[in-house]
Amino acid sequence: LQEISVDQDRYDEFRVNGQAVQDGNILPSETEKGKFIVQTDPLSIDKNAFVTFKNHCDAENLHDLDITKEMTEGQESNETFQIQVKIGGQPYSGKYKVNGVDAGKLCENGILEIKAGQTIKIENIAADTSFEVIENYDKDNYENPQYTISEAIVDSTTDKAAGKIEFKKNAKVEVTN
């Protein structure tokens with residue numbers, strides 16, 4: 001079995017069914033420059049019901065997503081706002097920092113809390129991973145949020161910030177209303 005289109009600049013270890021893949025089983029792609037094929041040793045169908053490929057990200061392939069909350073010029077607020085975040089299509093669950101400080105903040109079900117002027121940092125996201133940021137806002141007191149994305153591939157900034165993490169770049173999202 002083979003895993004194709006592997007970029008060795010982004011991954012520093014390859015495992016198949018828990019075993020490290022040896023150099024002889026990592027071959028240059030004949031069709032894609034700079035890509036490789038990771039393959040298993042010959043397998044017997046009657047003995048191998050499944051094969052799991054697991055690639056370990058190289059440190060250069062781990063990136064951040066920074067989400068900053070701002071108020072429209074002339075507006076102020078001391079309220080706490082809820083931001084819904086999806087990473088790779090799933091609600092984010094894990095640690096995050098506020099203004100660069102690891103205060104033990106933990107996100108569950110993709111909902112993070114932020115105040116105007118603060119920046120949330122989610123770390124260790126692999127390149128090409130999708131993200132989505134939506135502010136859950138009080139429609140009676142605030143206008144629709146405006147979203148801007150920088151240092152990432154932009155999919156949408158209408159009603160949400162949706163994009164993909166770029167290799168060797170930390171994505172930035174600004175939510176303003």
Side-chain angles (χ1 to χ4, degrees), residues 3 5-14 32 34-35 52-177:
E3 178 181 12
S5 294
V6 176
D7 188 337
Q8 274 192 306
D9 289 338
R10 297 183 185 202
Y11 300 94
D12 62 3
E13 182 179 68
F14 306 97
E32 294 181 271
K35 303 285 178 150
T52 302
F53 286 89
K54 186 175 181 181
N55 303 336
H56 183 268
C57 278
D58 184 82
E60 288 188 4
N61 192 24
L62 295 176
H63 308 83
D64 301 336
L65 171 62
D66 293 338
I67 304 165
T68 301
K69 172 65 181 163
E70 296 290 349
M71 301 302 295
T72 304
E73 190 173 325
Q75 300 289 316
E76 290 184 17
S77 176
N78 198 27
E79 286 187 52
T80 300
F81 297 88
Q82 287 191 340
I83 302 285
Q84 181 179 6
V85 178
K86 290 183 180 179
I87 305 290
Q90 300 299 315
Y92 177 69
S93 290
K95 291 182 178 183
Y96 66 97
K97 294 179 180 180
V98 178
N99 291 340
V101 176
D102 185 358
K105 295 279 189 177
L106 198 58
C107 173
E108 293 184 20
N109 300 317
I111 304 295
L112 297 93
E113 294 188 339
I114 190 171
K115 291 186 174 195
Q118 291 183 328
T119 298
I120 289 172
K121 180 182 292 291
I122 299 172
E123 299 177 315
N124 298 325
I125 304 170
D128 300 324
T129 302
S130 66
F131 64 85
E132 182 176 289
V133 176
I134 300 174
E135 180 181 345
N136 300 329
Y137 66 100
D138 179 354
K139 293 175 175 71
D140 293 332
N141 293 315
Y142 297 99
E143 294 180 8
N144 291 345
Q146 302 299 306
Y147 300 94
T148 57
I149 300 173
S150 59
E151 302 295 318
I153 298 167
V154 178
D155 291 335
S156 175
T157 56
T158 305
D159 298 325
K160 63 183 174 185
K164 286 188 180 173
I165 302 293
E166 281 191 270
F167 186 54
K168 294 190 177 182
K169 293 186 178 181
N170 293 317
K172 296 177 183 2
V173 171
E174 190 171 292
V175 181
T176 306
N177 62 346

Taking the side chain as every heavy atom from C-beta outward, state whether [X] and [Y] have any atom pair closer than 4.5 Å.
| X | Y | result |
| --- | --- | --- |
| L112 | I67 | no |
| N177 | K69 | yes |
| D128 | F167 | no |

Measure the [atom1]-[atom2] distance between [X] and [Y] for me, rounded to the nearest 0.5 Å.
| X | Y | atom1 | atom2 | result |
| --- | --- | --- | --- | --- |
| F131 | K164 | CZ | NZ | 11.0 Å |
| N109 | K86 | CG | NZ | 11.5 Å |
| N170 | I122 | CG | CD1 | 12.5 Å |
| K95 | E123 | NZ | CD | 9.5 Å |
| E79 | Y137 | CD | OH | 14.0 Å |

Side-chain donor or acceptor of N99 paired with backbone N/O of T119 under 3.5 Å: yes
Any donor-acceptor pair under 3.5 Å from N61 side chain to A127 backbone: yes
cation_pi(K139, Y142) dist<6.0 Å, angle<=45: no
Worked verdict on N136 versus I111 for side-chain contact (heavy atoms from CB on, under 4.5 Å): CA-CA 9 Å; N136 300 329; I111 304 295; 3.7 Å; yes
So, for [X] and [Y], which heavy atoms are closest and what is the spacing to 0.1 Å?
| X | Y | result |
| --- | --- | --- |
| A126 | I165 | O-CB, 3.8 Å |
| E174 | T176 | OE2-OG1, 3.5 Å |
| I83 | V175 | CD1-CG2, 4.4 Å |
| H63 | K168 | NE2-N, 2.7 Å |
| M71 | S77 | CE-CB, 3.9 Å |
| I120 | E113 | CD1-O, 3.9 Å |

CG (D159) with more than 12 external heavy atoms under 6.0 Å: no
Whether over 12 other heavy atoms sit under 6.0 Å from E143 CD: no
Show me the donor-acceptor pairs within less than 3.5 Å that the side chains of residues 147-158 make with the rest of the protein, sequence neighbours left out.
unit_1	atom_1	unit_2	atom_2	d
Y147	OH	E135	N	2.9
S156	OG	T158	N	3.2

Under-4.0 Å salt bridge between D66 and K121: yes
Residues V173, L65; criterion side-chain contact (heavy atoms from CB on, under 4.5 Å); working and verdict: CA-CA 8 Å; V173 171; L65 171 62; 3.9 Å; yes
Derivation and outcome, side-chain contact (heavy atoms from CB on, under 4.5 Å), residues K105 and V98: CA-CA 8 Å; K105 295 279 189 177; V98 178; 4.2 Å; yes
